[in-house]
Amino acid sequence: QVQLVESGGGLVQAGGSLRLSCAASGRSFSRYDMGWFRQAPGKEREFVVGISKSGGSKHYADAVKGRFTISRDNAKNTVYLQMNSLKAEDTAVYYCAADARLRWGVSATEYDYWGQGTQVTVSS
């Protein structure tokens, strides 16, 4: 089992940048594929980006390609989400998630562990 804690959210103007972090507890962090999801008010939780357990593979939602970058540091048990050129439509609660079964999915149901979320608000 792993516990996840996100940080780094906040209020930023459109065109600005934020870097989210997700710190994981436990010794098995490097065994999990990781993902970031987001949920805006009144909308379903949606996939943003995923990264393989080694960090060698990544897949992005079309809405964030070229603007967001995921990375991980297995020595620090942390995954990051660098968000550039932010838009008002990026406003949401951002969640970090861990996939213990390496399904490489884009559905929230394919992830086993979740953080509590961090709010990102982009003002236009």
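Every heavy atom of this structure was used, including side-chain atoms; hydrogens, water molecules and symmetry mates were not.
Annotation: side chain of Arg38 is in contact with side chain of Glu46 (closest heavy-atom distance under 4.5 Å). Counting heavy atoms from C-beta on, the side chains of Val106 and Phe37 never come closer than 4.5 Å. Side-chain atoms of Glu6 and Tyr94, non-hydrogen and from C-beta on, never get closer than 4.5 Å to each other.
Remark: Glu89 engages no residue in a salt bridge (Lys or Arg N to Asp or Glu O under 4.0 Å) (not counting sequence neighbours). Take Asp33 and apply the salt bridge (Lys or Arg N to Asp or Glu O under 4.0 Å) test, not counting sequence neighbours, and it matches no residue. Under the side-chain hydrogen bond (donor to acceptor under 3.5 Å, both in side chains) criterion, Thr69 pairs with no residue at all, not counting sequence neighbours.
Nearest heavy atom pair, residue Phe68 against residue Leu81, reads CB-CD1, 4.1 Å. Closest approach of Val2 to Ala24, counting heavy atoms only: CG2-CB, 3.7 Å. Closest approach of Ala40 and Ala92 over heavy atoms only: N-CB, 3.8 Å. Minimum heavy-atom separation, Asn84 to Ser17: OD1-OG, 2.9 Å. Across all non-hydrogen atoms, the minimal contact from Lys43 to Gln39 is O-NE2, 3.1 Å.
A perpendicular orientation is assigned to the rings of Tyr113 and Tyr32, their planes being inclined by more than 60° (bins at 30° and 60°).
Val64 and Phe47 are assigned to two separate hydrophobic clusters, defined by single-linkage of ILVMFWY side chains at heavy-atom distances under 4.5 Å. Residues Leu4 and Tyr95 fall into different hydrophobic clusters, defined by Ile, Leu, Val, Met, Phe, Trp and Tyr side chains chained together at heavy-atom separations under 4.5 Å. Placement of Leu18 and Trp36 within a single hydrophobic cluster is found when ILVMFWY residues are connected by side-chain heavy-atom separations under 4.5 Å, directly or transitively. Linking ILVMFWY residues whenever their side-chain heavy atoms come closer than 4.5 Å, directly or via other members, leaves Trp114 and Met34 in distinct clusters.
Around CD of Gln82, the count of heavy atoms belonging to other residues, nucleotides or ligands within 6.0 Å exceeds 12.
Note that OG of Ser25 and CD of Gln1 are 8.0 Å apart. Values are rounded to the nearest 0.5 Å. Here OG of Ser123 is found 10.0 Å from CG of Leu86. Values are rounded to the nearest 0.5 Å.
Side-chain atoms of Tyr111 come within 3.5 Å of backbone atoms of Gly105 as a donor-acceptor pair (strictly under, hydrogens ignored).
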Query raised in the report: Going through the distances and angles, do Ile70 and Tyr60 end up as a side-chain contact (heavy atoms from CB on, under 4.5 Å)?
Result: CA-CA 9 Å; Ile70 191 172; Tyr60 293 87; 3.7 Å; yes
Which donor-acceptor pairs under 3.5 Å do side chains of residues 48-57 form with protein atoms, sequence neighbours excluded?
residue, atom, partner, partner atom, Å
Ser52, OG, Gly55, N, 3.4
Ser52, OG, Gly56, N, 3.2
Ser52, OG, Ser57, N, 3.0
Ser52, OG, Ser57, O, 3.4
Ser54, OG, Gly56, N, 3.1

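Annotation: side chain to side chain donor-acceptor pair (under 3.5 Å) contacts involving residues 100-109, sequence neighbours excluded, comprise Asp99-Arg103, Arg101-Asp112, Arg103-Asp112, Ser107-Thr109. Identified under the disulfide (SG to SG under 2.5 Å) test for residues 19-114, with sequence neighbours left out: Cys22-Cys96.
Paired with Val12 under the rule side chain to side chain contact (heavy atoms under 4.5 Å, CB included), one option of Asp90, Thr91, Val122 passes, and it is Val122.
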